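Keep in mind that this is a model prediction, so the values were computed, not measured.
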Amino acid sequence: MNIRIGNGYDVHKLAKNRELILGGVKIPFEFGLDGHSDADALTHSIMDALLGAAGLRDIGFYFPDSNSDFKGISSMLLLSEVKAAVAEAGFSIGNIDSVIVAQRPKLAPFIDSMKAALSACLGIDASQISIKATTEEGLGFTGQGLGISAYAVCLLERCQS
C-alpha cells in the first residue's frame with residue numbers, strides 16, 4: 001500500500017465586520033477572519049495538507065487572491081475542488097488531524113459541527129477527522145487575540161487501480 005502524509009498551516013488576522021467561519025461552521029463572535037475568501041483558516045490548512053500529500057501545489061496556486069472569482073467564496077467549495085484533485089491524482093483520504101490556535105472564542109462547542117461539515121464535504125466518515133483547539137496562554141499574535149491559526153496533517157492512501 002502506498003501512503004503519503006502532508007501538512008498544512010494557515011493564519012488570518014481577526015477583523016470587524018467579518019463572519020468567523022472555521023471548518024465550514026459560522027461561529028458567533030464579535031470578529032471574523034480577514035481574507036480574500038471566507039478566510040476559513042482550518043479548512044485552508046486542511047486543503048494545503050491534502051494537496052501536499054498528493055504532491056500537488058498549494059492553495060495559493062489553485063485559488064490565488066488575485067482572482068476575483070474567489071472573492072468571498074466559501075472555503076468548503078474550494079475544499080470540494082481539492083478533494084477532486086486529490087482523487088484525480090489517485091489518492092483517498094485516510095485521516096486528517098488538525099489544531100486550531102485561538103485565544104478566544106472557545107471552540108469546543110463547535111468541534112462536532114466542524115467535523116460533520118468537513119466530513120460531508122470530503123465524503124469521509126467524521127471519525128477520520130480530528131479537530132483540537134488550544135490557546136497560546138496570551139503569547140504571540142494569536143494569544144493577544146490578533147488572529148487565528150490552524151495546523152493540519154493528513155494521510156492519503158493510493159487508490160487501487
Side-chain angles (χ1 to χ4, degrees), residues 1-13 20-27 33 35-67 69-70 73-103 106-137 139-143 147-161:
M1 176 180 353
N2 188 3
I3 59 174
R4 297 181 63 164
I5 61 168
N7 69 72
Y9 171 78
D10 196 53
V11 61
H12 288 278
K13 65 181 176 178
L20 178 58
I21 300 171
L22 292 168
V25 175
K26 290 182 186 176
I27 297 171
L33 293 173
H36 187 68
S37 66
D38 63 7
D40 182 340
L42 175 60
T43 301
H44 293 180
S45 68
I46 290 170
M47 289 190 294
D48 264 343
L50 292 167
L51 290 167
L56 303 172
R57 303 282 301 264
D58 62 33
I59 62 174
F61 176 81
Y62 294 101
F63 315 111
D65 61 9
S66 58
N67 186 332
D69 291 345
F70 304 122
I73 195 168
S74 166
S75 293
M76 298 304 274
L77 293 174
L78 303 179
L79 181 61
S80 294
E81 292 189 32
V82 167
K83 175 193 172 203
V86 167
E88 187 175 314
F91 294 97
S92 64
I93 299 169
N95 76 301
I96 297 168
D97 185 27
S98 60
V99 179
I100 305 166
V101 183
Q103 195 63 32
K106 294 294 183 192
L107 298 172
F110 305 99
I111 287 178
D112 287 341
S113 297
M114 288 184 235
K115 285 177 64 170
L118 290 164
S119 66
C121 183
L122 291 169
I124 61 175
D125 192 87
S127 67
Q128 292 172 265
I129 300 173
S130 173
I131 302 171
K132 298 161 308 278
T134 189
T135 69
E136 290 199 304
E137 303 295 330
L139 299 173
F141 69 91
T142 54
I148 293 177
S149 63
Y151 297 85
V153 176
C154 74
L155 176 88
L156 297 184
E157 300 169 326
R158 174 82 59 194
C159 298
Q160 300 296 326
S161 33

For T142, which residues count as a side-chain hydrogen bond (donor to acceptor under 3.5 Å, both in side chains) partner, sequence neighbours excluded? E136

Let me check something: any side-chain donor-acceptor pairs from residues 56-67 under 3.5 Å, sequence neighbours excluded? List them with distances.
| from | atom 1 | to | atom 2 | distance (Å) |
| --- | --- | --- | --- | --- |
| D58 | OD1 | G60 | N | 3.1 |
| D58 | OD1 | F61 | N | 3.0 |
| N67 | OD1 | D69 | N | 2.8 |

Residues which pass side-chain contact (heavy atoms from CB on, under 4.5 Å) with A152, listed by chain and number, not counting sequence neighbours: S45, I46, A49, S98

Could you pull out all residues at least two apart from D125 that satisfy side-chain contact (heavy atoms from CB on, under 4.5 Å)? S127, Q128

Supply the atom-to-atom distance D10 CG to M47 CE, rounded to the nearest 0.5 angstrom. 8.0 Å

Provide the full list of side-chain hydrogen bond (donor to acceptor under 3.5 Å, both in side chains) pairs with a residue in residues 75-88, sequence neighbours left out, each pair given once. D38-S75, H44-S75

side-chain contact (heavy atoms from CB on, under 4.5 Å) against N7, all qualifying residues, sequence neighbours excluded: V153

Within the side chain of R4, is there an N or O that forms a donor-acceptor pair under 3.5 Å with the backbone of A53? yes

Taken to the nearest 0.5 Å, the spacing of D40 CG from L22 CG works out to 5.5 Å

State which residues pass side-chain contact (heavy atoms from CB on, under 4.5 Å) with K13; sequence neighbours excluded, sorted by chain then number. D34

In chain order, what residues pass the salt bridge (charged side-chain N to carboxylate O under 4.0 Å, His left out) check against K132, with sequence neighbours excluded? D97

Side-chain donor-acceptor distances from residues 106-115 under 3.5 Å, at least two apart:
| from | atom 1 | to | atom 2 | distance (Å) |
| --- | --- | --- | --- | --- |
| K115 | NZ | I129 | O | 3.2 |

Spacing of I100 atom CD1 and I148 atom CD1 [to the nearest 0.5 Å]: 8.0 Å

